[in-house]
Amino acid sequence: MLLPGLATDAHGRTSRLPLLLGLAGLIPFVACAAAAWLAPMVWQVVAINAFLAYAAVILSFLGGIQWGVAMSLEAADGPGFRARLVLSMAPSLIAWPSLLLHPATGAWVLAAGFVVVRLHELGRDSRELLPSWFQSLRHLLTAVVLACHGAVIWRLAGA
């Protein structure tokens with residue numbers, strides 16, 4: 001069984017780069033979530049704000065992936081192209097306003113955004129267009145991101 005995110009091409013060649021970059025992208029999530037619990041109080045506030053900002057950036061990035069899929073893999077005159085382009089804007093339109101909310105509410109909104117993006121990626125059209133390694137990588141990354149959101153939300157609840 002291949003590692004999640006271990007890319008393979010049509011000739012069976014593999015690359016670990018997507019997996020390594022995906023795991024590197026988790027470092028700020030994990031570090032900020034841990035700091036929200038373990039750092040001195042003043043740094044906990046900084047960590048939570050950094051967590052929310054990074055989550056908003058990454059959620060917007062996920063919308064950009066969908067834009068790229070539409071531009072490169074969808075027929076420009078088809079309904080899939082239009083739908084994917086419109087949907088590619090949703091993550092940014094969820095992420096940015098979440099930063100204007102109370103941190104606990106913003107964290108919930110961002111977590112919901114990650115779930116919505118993942119559900120879209122699991123849809124039939126995305127499963128047909130995107131390689132299986134992408135799906136397994138995104139599953140792993142989303143699980144960790146949501147666990148980190150849970151830790152931050154729990155911390156914000158006063159635990």
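- Annotation: side chain of L62 is in contact with side chain of R138 (closest heavy-atom distance under 4.5 Å).
- A donor-acceptor contact under 3.5 angstrom links the side chains of R155 and Q44, judged on distance only.
- Judged purely by distance below 3.5 Å, without hydrogens or angles, the side chains of R84 and S126 pair a donor atom with an acceptor atom.
- To the nearest 0.5 angstrom, L59 atom CG is 7.5 Å from S92 atom OG.
- For the pair L122/R118, a side-chain contact is recorded, criterion being any heavy-atom separation below 4.5 Å from C-beta on.
- Considering CG of L26 and OG1 of T142, their distance stands at 9.5 Å, rounded to 0.5 Å.
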Exercise for the section: Please lay out, stage by stage, how L19 and W133 fare under the test side chain to side chain contact (heavy atoms under 4.5 Å, CB included). Expected result: CA-CA 9 Å; L19 175 62; W133 67 262; over 6 Å; no
Exercise for the section: Applying side chain to side chain contact (heavy atoms under 4.5 Å, CB included), run through I58 and V145 and close with a yes or a no. Expected result: CA-CA 10 Å; I58 296 303; V145 166; 5.8 Å; no
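- The line from CD of Q66 to CD of E121 is 6.0 Å long, rounded to the nearest 0.5 Å.
- Although no hydrogens or angles enter the test, the distance criterion places no donor-acceptor pair under 3.5 Å between the side chain of T105 and the main chain of L101.
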Problem - Derivation of the side chain to side chain contact (heavy atoms under 4.5 Å, CB included) call for V30 and C148 - result: CA-CA 6 Å; V30 173; C148 290; 3.9 Å; yes
Handout entry: R82 and E74: CA distance, side-chain angles, deciding distance, side chain to side chain contact (heavy atoms under 4.5 Å, CB included) verdict
Key = CA-CA 9 Å; R82 289 187 296 276; E74 295 276 9; over 6 Å; no
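- For the pair Y54 (side chain) and C32 (backbone), a donor-acceptor distance under 3.5 Å is absent.
- Classification of the F29-H149 ring pair by plane angle, with boundaries at 30° and 60°, yields tilted.
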